[in-house]
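Reckoned from all heavy atoms, side chains included, excluding hydrogens, waters and symmetry mates.
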Amino acid sequence: YCLNFVCFAEISGSLTLDRINEALHVVQQEQTLLRARLELMDDRYWFKPVKSKDFPLRAEVAAFKDWRKAIAAQLDTPFSGNAPLARFFLFGGRGKKSVAAMVFHHAIADGKSGANILLEILRRAGGEEMPMRYQRAHPSAQDLDLIKSKSPLLGSLQKLRYWLNQGKSALKFVKQLPGFDMRVRPSRDIHMIPFEVSAKTSSAILTACRAHGTTVHGALGAAQVLAINDEFETRAERNLALNSLADLRGVLTDNLTEFDLGLYGATLTTVQEIATEPDFWSLAIDI
């Protein structure tokens, strides 16, 4: 199945299509991953460079009405390895309201780097004088192997042990939550649910977290874990896993900047001990 994601911005003010396409051209020159396609060789996918003149990244114009439904459809529209591995949409509305959306293949970006690229495009389209300038992109390399070892045999055994434990965890999950549907389906029913936290609520959450000696991340993690805990039929002490995202830019080399496209978010898994009657703030502090 395709693993796309979308970053979008609701805009007050006018942006012309020519300015956006000029910004897209400049940013495509800066970002090597926007000038790449996927090619299958030896049972693995590889990035192959292409020329931007042959595969330009250009904005598609669509109606403002039902823009959320149109974005949701993009989440289930594959790229099939063709360049560029991103799409840009401008949903124009009445007056000076519009929505800019960028769809990414998850092989080239994560949510934060994707959002930063969208902001960079809008910043250039909205403010920089013509002709726009582009800067040299910083090359970077990533090793996506979860388990590395100098010994091939030891590495294979470690991977086998890792996946066996994943299987045992899945079986335990099914036993604890009977009736949970784990079938894989060929199609997905995707909906976008409008959700935002107001500035007033955000400020109140931050104040409460500081007063209890924790962070907003800790509070959000505690809320998620306790929501999972409520899915169990009985109250009991149990261990629950929590996935948290961490930005690795600070520990990566090669002079990465905020606007280098790529996969810089790592998923950290922690196991939280949940009491029969859990205390929210204690859990938030632990997380």
Chemist: Step through it carefully: locate the ring centre of F64, locate the ring centre of F91, and say whether they are under 6.0 Å apart.
Modeler: no

Chemist: How far apart are the closest heavy atoms of L240 and I228, and which atoms are they?
Modeler: CD1-CG2, 4.2 Å

Chemist: Name the orientation class of the two ring planes belonging to H105 and F79 (parallel below 30°, tilted from 30 to 60°, perpendicular beyond 60°).
Modeler: tilted

Chemist: Could you tell me whether the side chain of H212 and the main chain of A208 form a donor-acceptor pair under 3.5 Å?
Modeler: yes

Chemist: For the pair D110 (side chain) and Y264 (backbone), establish whether a donor and an acceptor sit closer than 3.5 Å, ignoring hydrogens and angles.
Modeler: yes

Chemist: Is there a donor-acceptor pair closer than 3.5 Å between any side-chain N or O of N21 and the backbone N or O of A59?
Modeler: yes

Chemist: Which heavy-atom pair separates A73 from T77 by the least distance, and what is that distance?
Modeler: O-OG1, 2.8 Å

Chemist: Please answer whether the main-chain N or O of W46 pairs with a side-chain N or O of E39 as donor and acceptor at a distance below 3.5 Å.
Modeler: no

Chemist: What do the steps show when you test F8 against W67 for ring-ring contact (aromatic ring centres under 6.0 Å, His included), and what is the final call?
Modeler: CA-CA 10 Å; F8 64 87; W67 63 267; 5.2 Å; yes

Chemist: Has R37 got its NZ or CZ under 6.0 Å from the middle of the six-membered ring of F47, at an angle within 45 degrees of the ring axis?
Modeler: no

Chemist: May I ask you to decide if Q29's main-chain N or O and R35's side chain share a donor-acceptor pair within less than 3.5 Å?
Modeler: yes

Chemist: Within the side chain of S113, is there an N or O that forms a donor-acceptor pair under 3.5 Å with the backbone of A109?
Modeler: no

Chemist: Could you tell me whether a side-chain N or O of R19 sits under 3.5 Å from a main-chain N or O of R124, the two making a donor and an acceptor?
Modeler: yes

Chemist: Please report the shortest heavy-atom distance between A36 and L85, naming the atom on each side.
Modeler: O-CG, 3.7 Å

